[in-house]
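Nothing here was measured: the structure is a model prediction, and the numbers come from that model.
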Amino acid sequence: HHYPFSGKENAHVRLGVISLHGGDPVWMQTGQEAYHYLARAHWLPDGKLTAQFVNRAQSLLNLVAFDPSTGAGSTILAEYSDTWINLHDIFQPLAAQPGVAPSYFLWASERSGFRHLYLYQQDGTLAGALTRGEWVVDSLVGVDEARGWVYFMASKDTPLESHLYRVALTGGEPQRLTQQAGTHAVVLDHACNRFVDIYSAMEHPPRIELRALDDGRLLLALFQADDARIQTLGLQPPEMVTLTNREGDLLYGALYRPSARFGPGPYPTIVQVYGGPHAQTVTNSWSMTVAMRAQYLRSLGYLVFMLDNRGSLRRGLAFEGAIRYAMGNVEVQDQVDG
């Protein structure tokens, strides 16, 4: 369907449950559908249905539990932000057995200014924060309830990379399991003994490895291949740079310099910018090296400059939310400073 214009009526969406054997659907009692978005829905092991609703201003999120047989619902928890709510997929029931209500669940929130993991009782009572600090949890990748570990991806050591960490269900200092520099994506096995690690950095293409989950040690190299086109096309990693803007914020950038045959410079310069929100262009990943537009312009003698200004992802809600009601202003200030 088409997106509505600002201030116009949204599409009407209902949440219903229907039996595998047919019959009439049971519609969940979600309130006034015209005034909120149905953002997520999850089944619980005890047969209840949960859903996340966000108001149209995207400043309030309610997690609601429903009885699928009647449609009656009650709010478990609510999140409010005077910036905006960033939706996520981190909702994990714990201690679940068939036919028994989960006693706890994992949830992520930016209430501290940075997305972190929290443990809740089933009725929405906060049990405690599992992670904290000026860094961002990217995703939840697994929970080993038997051993008491929660596995997640995060920017704890640098916002330029994403690594696998684990933290105890009782809290404490997270332990980093992926030691190789770069940007990682992982898949855990169901027994929580091993994980597949797909990672890259500016200096090397993606690699796929099987590693032990207890300490991250290498078990088997699954895939690593050199591509002859890298040399043929003359693809060189960009130069990573940092700078401080007029507000004192640390910003990360990348420079694609022309080859020596174009002389010492100065060079005609092209600024390639996205500006956020929900985007990060400067990372220690192979995608930086195979940014073909930047590489092509570099081959023609242009200097290409990328900078993640305020408004970019993975730097915390205040950094990202600086562009609220100021788009086209804050981003430009940072790009000018760059």
>> Run Asn309 and Glu331 through side-chain hydrogen bond (donor to acceptor under 3.5 Å, both in side chains) and show every step you take.
In response: CA-CA 6 Å; Asn309 51 251; Glu331 313 99 300; 5.6 Å; no
>> Please evaluate residues Met292 and Leu233 with respect to the criterion side chain to side chain contact (heavy atoms under 4.5 Å, CB included), reporting the C-alpha separation (whole Å), side-chain torsions for both, the decisive distance (0.1 Å), and the verdict.
In response: CA-CA 10 Å; Met292 300 308 293; Leu233 295 173; 3.9 Å; yes
> Does the pair Leu177 and Leu213 meet the rule for a side chain to side chain contact (heavy atoms under 4.5 Å, CB included), with working shown?
Replying inline: CA-CA 7 Å; Leu177 298 175; Leu213 195 52; 4.1 Å; yes
> Going through the checks in order, is the side chain to side chain contact (heavy atoms under 4.5 Å, CB included) test met by Phe91 and Phe105?
Replying inline: CA-CA 7 Å; Phe91 173 71; Phe105 64 88; 3.5 Å; yes
>> Run the side chain to side chain contact (heavy atoms under 4.5 Å, CB included) test on Met306 and Tyr256 for me, step by step, so that the C-alpha distance in whole Å, both residues' side-chain angles and the decisive distance to 0.1 Å come before the verdict.
In response: CA-CA 9 Å; Met306 296 181 185; Tyr256 296 80; 3.8 Å; yes
>> Let's go through Asn329 and Gln333 carefully: what are the C-alpha distance in whole Å and the side-chain angles of both, what is the deciding distance for side-chain hydrogen bond (donor to acceptor under 3.5 Å, both in side chains) to 0.1 Å, and is it a yes or a no?
In response: CA-CA 6 Å; Asn329 178 26; Gln333 290 178 13; 3.1 Å; yes
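Between Ile230 and Pro205 the shortest heavy-atom distance is CD1-CG, 3.9 Å. A pairwise comparison of heavy atoms in Gly301 and Tyr267 identifies O-CB, 3.9 Å as the closest pair. Residue Glu161 comes nearest to Arg314 through the heavy atom pair O-NH2, 2.9 Å, listed as atom of the first residue, atom of the second, then distance. Nearest heavy atoms, Ala201 versus Ala181: CB-O, 3.8 Å. Scanning all heavy atoms of the two residues, the minimum distance from Trp135 to Ala154 falls at CZ3-CB, 3.7 Å. Nearest heavy-atom pair, Cys192 versus Asp144, reported as atom, atom and distance to 0.1 Å: CB-OD2, 3.6 Å.
Under a 3.5 Å cut-off, the side chain of Arg176 and the backbone N or O of Gln179 do form a donor-acceptor pair. Formation of a donor-acceptor pair under 3.5 Å by the Ser139 side chain with backbone atoms of Val141 is not found in this model. Looking only at distances, no side-chain donor or acceptor of Gln280 sits under 3.5 Å from a matching main-chain atom of Ser312. With hydrogens and angles disregarded, a donor-acceptor distance shorter than 3.5 Å links the side chain of Arg40 to the backbone of His88. Remark: side-chain polar atoms of Asn55 are paired, donor with acceptor, to backbone N or O of Leu60 under 3.5 angstrom. The backbone N or O of Thr50 lies less than 3.5 Å from no partner atom in the side chain of His42, so there is not a single donor-acceptor pair. With Thr131 contributing its side chain and His116 its backbone, the two residues share no donor-acceptor pair below 3.5 Å. With hydrogens and angles ignored, the 3.5 Å screen pairs a side-chain donor or acceptor of Arg211 with a backbone N or O of Gly216. No donor-acceptor pair under 3.5 Å is formed between the side chain of Thr281 and the backbone N or O of Asp308. With hydrogens and angles disregarded, a donor-acceptor distance shorter than 3.5 Å links the side chain of Gln295 to the backbone of Thr289.
Within the cation-pi definition used here (under 6.0 Å to the ring centroid, within 45° of the axis), Arg315 does not qualify as a partner of Tyr252.
In this structure the side chain of Ile323 reaches within 4.5 angstrom of the side chain of Pro277, judged on heavy atoms. Side-chain atoms of His278 and Asn86, non-hydrogen and from C-beta on, do get closer than 4.5 Å to each other. A 4.5 Å side-chain heavy-atom check between Glu203 and Asn284 finds at least one atom pair inside the cut-off. At a threshold of 4.5 Å between non-hydrogen side-chain atoms, the residues Arg310 and Glu247 count as touching. Side chains of Val196 and Val186 form no contact here, defined as non-hydrogen atoms less than 4.5 Å apart. Between Leu307 and Val273 the shortest side-chain heavy-atom distance does not fall below 4.5 Å. Two residues are said to be in side-chain contact when any heavy atoms from C-beta on lie closer than 4.5 Å; Glu110 and Ser81 fail this criterion. Looking at Phe53 and Leu38, their side chains come closer than 4.5 Å, going by heavy atoms from C-beta outward.
In Asp226, the CG atom is not crowded: 12 or fewer heavy atoms of neighbouring residues, nucleotides or ligands sit closer than 6.0 Å. At most 12 non-hydrogen atoms from other residues, nucleotides or ligands lie less than 6.0 angstrom from CD of Glu134. Around the CZ atom of Arg111, the shell of radius 6.0 Å holds more than 12 heavy atoms that belong to other residues, nucleotides or ligands. Other residues, nucleotides and ligands place more than 12 heavy atoms under 6.0 Å from the CZ atom of Arg246. Other residues, nucleotides and ligands contribute only 12 or fewer heavy atoms inside 6.0 Å of the OH atom of Tyr302.
Cluster annotation: Ile208 and Leu210 are assigned to the same hydrophobic cluster (Ile/Leu/Val/Met/Phe/Trp/Tyr, side-chain heavy-atom contacts under 4.5 Å, transitive). A continuous path of Ile, Leu, Val, Met, Phe, Trp and Tyr side chains, each step under 4.5 Å between heavy atoms, connects Leu126 with Trp107, placing both in one hydrophobic cluster. Hydrophobic cluster membership is shared by Tyr104 and Val137, with clusters built from Ile, Leu, Val, Met, Phe, Trp and Tyr side chains linked at under 4.5 angstrom. Residues Leu251 and Val282 are members of separate hydrophobic clusters, defined by side-chain heavy-atom contacts under 4.5 angstrom among Ile, Leu, Val, Met, Phe, Trp and Tyr. Follow the hydrophobic side-chain contacts under 4.5 Å out from Phe195 and you never reach Leu222; the two are in separate clusters.
His204 and Tyr199 have their aromatic ring centers within a separation under 6.0 angstrom.
The distance from the CG atom of Leu250 to the CG atom of Leu243 is 7.5 Å, given to the nearest 0.5 Å. Taken from CG in Asp249 to CZ in Phe319, the straight-line distance is 6.0 Å, to the nearest 0.5 Å. Atom OH of Tyr118 sits about 8.0 Å away from atom CD of Glu79, to the nearest 0.5 Å. With rounding to the nearest 0.5 angstrom, the CD1 atom of Ile198 is 11.0 Å from the CZ atom of Phe223. Distance check: Leu63 CG to Leu77 CG gives 4.5 Å after rounding to the nearest 0.5 Å. Taking CD1 of Ile90 as the reference point, atom OG of Ser109 lies at 10.5 Å (rounded to 0.5 Å).
Taking the six-membered ring where tryptophan is involved, the planes of His184 and His163 are tilted, since the angle between them lies from 30° to 60°.
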